[in-house]
Number of protein chains: 4
Amino acid sequence: MSAGSGGFRQPGRPRSDRIHEAILDATLELLREAGFSGLAIESVATRAGVGKATIYRRWTSKLPLVIEAMQRIPEIPTPDTGSIADDLTEVLRSSIDVLRSTPLAHVLPSLVGERNRDPELSEALDGFVAERRKPLLRMLERAVERGELPPDADLELGVDLILGPFVVRLFFTAGPVDPDLVQPIVEAVIRGLGGAVEQRR
Amino acid sequence: MSAGSGGFRQPGRPRSDRIHEAILDATLELLREAGFSGLAIESVATRAGVGKATIYRRWTSKLPLVIEAMQRIPEIPTPDTGSIADDLTEVLRSSIDVLRSTPLAHVLPSLVGERNRDPELSEALDGFVAERRKPLLRMLERAVERGELPPDADLELGVDLILGPFVVRLFFTAGPVDPDLVQPIVEAVIRGLGGAVEQRR
Amino acid sequence: MSAGSGGFRQPGRPRSDRIHEAILDATLELLREAGFSGLAIESVATRAGVGKATIYRRWTSKLPLVIEAMQRIPEIPTPDTGSIADDLTEVLRSSIDVLRSTPLAHVLPSLVGERNRDPELSEALDGFVAERRKPLLRMLERAVERGELPPDADLELGVDLILGPFVVRLFFTAGPVDPDLVQPIVEAVIRGLGGAVEQRR
Amino acid sequence: MSAGSGGFRQPGRPRSDRIHEAILDATLELLREAGFSGLAIESVATRAGVGKATIYRRWTSKLPLVIEAMQRIPEIPTPDTGSIADDLTEVLRSSIDVLRSTPLAHVLPSLVGERNRDPELSEALDGFVAERRKPLLRMLERAVERGELPPDADLELGVDLILGPFVVRLFFTAGPVDPDLVQPIVEAVIRGLGGAVEQRR
DNA sequence: CAGTAATCGAGACGGTACGTCCCGTCTTTAT
DNA sequence: ATAAAGACGGGACGTACCGTCTCGATTACTG
């Protein structure tokens with residue numbers, strides 16, 4: 001019953017799911033505190049109350065452990081309100097929520113800082129980033145279909161324009177990301193891509 | 001006479017400028033190769049052909065060494081062509097040159113990745129970033145004075161919009177930064193801030 | 001059952017006896033080559049094919065390591081032939097053997113040279129020396145009981161007289177200790193303590 | 001005027017005798033405190049208020065410096081009372097005085113401990129020791145001439161017997177050397193060499 | 001329900017870099 | 001030329017983790 005796809009049950013004591021979770025939890029905690037480079041497997045083991053070998057039995061190195069831990073961070077839901085301004089506002093607001101409620105704001109710069117030295121990490125990050133860009137791109141495409149943006153708008157650049165101010169603040173100014181930024185960014189991006197900004201209030 | 005402001009010369013053998021340079025050179029080289037966290041003082045010493053003590057005599061830790069090394073990266077000259085479009089094009093082009101000809105593109109993400117764990121580094125980076133934002137801001141202010149941008153434009157956001165796409169590509173896409181990006185960005189930023197983009201060619 | 005006095009077994013991998021031995025062997029070898037002050041823990045680690053931490057896990061510093069290494073040098077067996085002359089001859093001959101077959105002749109002066117700066121070493125040496133003096137003293141006591149030496153003989157001085165020429169040669173003349181010295185010393189010591197020396201051959 | 005044997009005056013500033021003395025004084029002090037191996041030229045320089053180069057300009061290494069410093073320790077005067085017992089008593093008493101009033105008791109074991117690793121030091125010590133043995137040997141020869149000792153007495157062994165108990169105490173027991181030891185040693189040595197000990201008191 | 005075998009916590013293992021200290025040499029200005 | 005001061009390249013110090021290994025104990029399924 002517990003065996004997945006018609007496979008045989010392995011002999012011996014099965015790996016504990018509770019331990020798996022405990023390790024991933026400890027990893028996220030310590031990633032936030034010490035960053036990727038400062039993350040010591042030894043500390044993860046201690047924090048999780050686990051032997052080092054138990055970690056190395058499941059993950060070959062620090063990187064896949066961190067990647068699996070990061071996958072526990074929720075994706076941002078893609079809204080579809082029928083208005084590009086509202087869609088953007090909504091998606092940026094929930095992004096800010098995620099940045100505030102998860103270690104992402106601390107973990108991401110740390111991983112980015114190591115990417116040049118680790119092709120595997122680089123690839124993993126590419127995937128992570130691509131997955132978060134895709135919904136934004138689709139959102140802009142729908143805006144073009146609705147006629148809110150001109151058909152020749154450079155949508156990849158649009159995604160860059162949306163993310164840019166956040167990334168700049170996240171990476172360069174380090175301060176907390178402010179929800180007040182959302183409205184001005186939304187308007188600037190839409191205008192920048194050739195769309196019209198309706199007057200609100 | 002040789003002492004500047006009424007100071008006396010220190011007794012003993014003076015510290016060698018050539019060694020100082022050699023250490024900073026080795027630091028930049030190794031920063032590019034191994035990043036901030038992977039940078040070993042021991043390797044810097046070996047690469048520079050210097051004893052470890054010689055390094056610790058000048059810098060208390062890895063961080064101030066790296067900060068001083070980074071200050072050798074040239075600042076971007078601020079153009080003043082009379083047109084915001086030309087100014088921006090010029091300044092972005094020379095930024096790309098700097099990113100290509102110095103280890104900055106490798107060093108910066110690495111430092112940013114550590115900033116959350118090191119207030120001193122954070123402060124140093126703030127200074128570094130502020131100094132590169134200032135000329136861009138002044139450029140936008142001149143555009144407002146000339147009437148190229150509306151007087152109520154959010155210029156800080158403007159700087160974010162300019163830097164954003166570069167930073168996104170530098171940190172998230174890791175690939176080389178392409179000069180072809182300049183023109184679209186310039187136009188989107190000007191439009192985004194409420195300015196008019198003249199038709200070229 | 002294997003635990004002696006009701007003790008429990010320690011968790012974790014037990015320390016290896018083979019490694020313990022290898023470290024002590026390397027220590028004795030290097031003590032002979034470089035002396036106490038020239039003995040580098042780093043060299044012991046290299047010679048024993050062991051990490052430095054493995055040494056520091058067992059011994060807090062160079063000194064206790066050296067002391068334990070020295071305890072591997074065999075004690076001299078105490079003969080009991082019924083004749084003080086024969087006893088002395090025998091014990092001095094085996095002492096010479098030990099001096100020749102172990103690093104003792106090199107290690108001892110080196111340790112003695114450091115004793116004034118290290119109370120712990122001083123104590124350890126006192127123990128070492130006392131243990132080697134005791135059998136000699138008992139030998140002399142038996143000679144008094146048998147009437148070979150006068151009852152008021154100063155036996156502690158006797159031990160000094162026996163050891164003296166060896167020590168003088170070992171420490172001051174540095175050359176190898178000659179077994180030909182034994183006979184004259186034995187006769188001089190017995191006469192010096194007031195005993196009679198029978199004519200041999 | 002200051003130039004010695006018809007030589008020309010050296011150009012430049014002459015070496016200061018006061019500095020020379022200060023260095024040797026500091027050397028003896030520190031030898032006593034730290035032993036030969038623990039003696040740091042750096043400390044000698046600091047203690048003497050002198051630059052390190054000033055020391056290296058006069059002595060090629062630690063050893064010749066120590067040797068010259070040791071030569072400031074006075075030799076023991078050789079008595080000639082006409083009685084071997086009195087001669088020995090006298091010479092041992094003044095030896096004890098020297099051991100008490102100079103750093104010799106601390107310096108000697110330290111040097112002896114290094115001799116196996118330094119042929120030059122070994123040679124220097126041989127000379128030092130030979131010079132102190134010679135008067136004792138001559139003293140014993142006069143005793144043979146006077147008939148106090150048998151003509152076939154092994155006088156080198158005699159010297160060993162005299163020095164032995166002192167050396168044993170100095171090197172092995174570390175305690176202060178007691179003048180009360182003198183009388184018993186003298187009697188044992190004379191008897192040991194085949195001489196007669198007259199009853200005193 | 002004993003036997004089998006992989007997992008578990010613990011921690012020893014060989015190794016590498018840390019930041020400090022002192023070595024013996026070199027380089028500066030002042031005497 | 002010698003002096004004090006102290007920078008220099010080098011090497012060992014004792015510490016902290018790395019990733020691997022070896023222990024006894026635990027845990028599930030098998031026969």
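The chains referred to below are lettered A, B, ... by the order of the sequence lines, with proteins before strands, and numbering in each begins at 1.
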Original post:
With the sugar-phosphate defined as primed atoms, P, OP1 and OP2, and the base as all remaining atoms, what B/S/- string results for nucleotides 25-31 of chain E, 5' to 3', for protein heavy atoms under 4.0 Å?
Top reply: BBBBS-B

What is the distance, rounded to the nearest whole Å, between atom [atom1] of [X] and atom [atom2] of [N]?
{"X": "B:Phe36", "N": "E:dA17", "atom1": "CZ", "atom2": "P", "value": "17 Å"}
{"X": "D:Ile41", "N": "F:dA5", "atom1": "CD1", "atom2": "C1'", "value": "17 Å"}
{"X": "D:His20", "N": "F:dA4", "atom1": "NE2", "atom2": "C1'", "value": "18 Å"}
{"X": "A:Trp59", "N": "F:dT20", "atom1": "CH2", "atom2": "P", "value": "15 Å"}
{"X": "D:Ile55", "N": "E:dC23", "atom1": "CD1", "atom2": "C1'", "value": "13 Å"}
{"X": "A:Leu65", "N": "F:dG19", "atom1": "CG", "atom2": "P", "value": "11 Å"}
{"X": "C:Arg18", "N": "E:dC13", "atom1": "CZ", "atom2": "P", "value": "11 Å"}
{"X": "C:Leu39", "N": "F:dA12", "atom1": "CG", "atom2": "P", "value": "12 Å"}

Under 3.5 Å, is there a donor-acceptor pair between the side chain of [X] and the main chain of [Y]?
{"X": "B:Thr46", "Y": "B:Glu42", "answer": "yes"}
{"X": "B:Ser110", "Y": "B:Gly35", "answer": "no"}
{"X": "D:Lys62", "Y": "D:Ile41", "answer": "no"}

Subject >> Comparing D:Val50 and B:Arg15 on DNA chain F - which has the more 5′ nearest nucleotide >> reply: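 In this pair, the answer is D:Val50.
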
Subject >> Toward the 5' end of DNA chain F, by each residue's nearest nucleotide, C:Ser43 or D:Ser16 >> reply: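 Nearest nucleotide further toward 5': that of D:Ser16.
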
Consider the side chain of [X], meaning its heavy atoms from C-beta on, and name the nucleotide among [options] that approaches it most closely.
{"X": "C:Ile19", "options": "E:dC8, E:dG14, E:dC23", "value": "E:dG14"}
{"X": "C:Arg58", "options": "E:dA12, F:dC8, F:dA12", "value": "E:dA12"}
{"X": "A:Ala40", "options": "F:dC18, E:dC23, E:dG19", "value": "F:dC18"}

Subject >> 4.5 Å side-chain heavy-atom contact, B:Glu114 and B:Leu63 >> reply: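 The answer is no; the side chains never approach within 4.5 Å.
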
Subject >> Residues in side-chain hydrogen bond (donor to acceptor under 3.5 Å, both in side chains) contact with B:Ser43, at least two apart in sequence or another chain >> reply: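 side-chain hydrogen bond (donor to acceptor under 3.5 Å, both in side chains) check on B:Ser43 returns nothing, list empty.
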
Original post:
Hey, are C:Arg15 and C:His20 close enough side-chain-wise for a donor-acceptor pair under 3.5 Å?
Top reply: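 Side-chain D/A pair, C:His20 to C:Arg15: absent.
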
Original post:
Should D:Thr54 be listed as having a side-chain N or O under 4.0 Å from OP1 or OP2 of F:dA4?
Top reply: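 Checking D:Thr54 against F:dA4: at least one side-chain N or O falls below 4.0 Å of OP1 or OP2.
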
Anything under 3.5 Å between a donor and an acceptor, one on a side chain of residues 22-31 of chain B, the other on a protein residue two or more places apart or in another chain? List them.
residue: B:Asp25; atom: OD1; partner: B:Arg72; partner atom: NH2; Å: 2.5
residue: B:Thr27; atom: OG1; partner: B:Ile23; partner atom: O; Å: 2.7
residue: B:Glu29; atom: OE1; partner: B:Arg47; partner atom: NH1; Å: 2.5

Original post:
Between C:Gly51 and D:Ser61, which has a closest nucleotide on DNA chain E that is more 5'?
Top reply: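 On the 5' side of the pair lies C:Gly51.
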
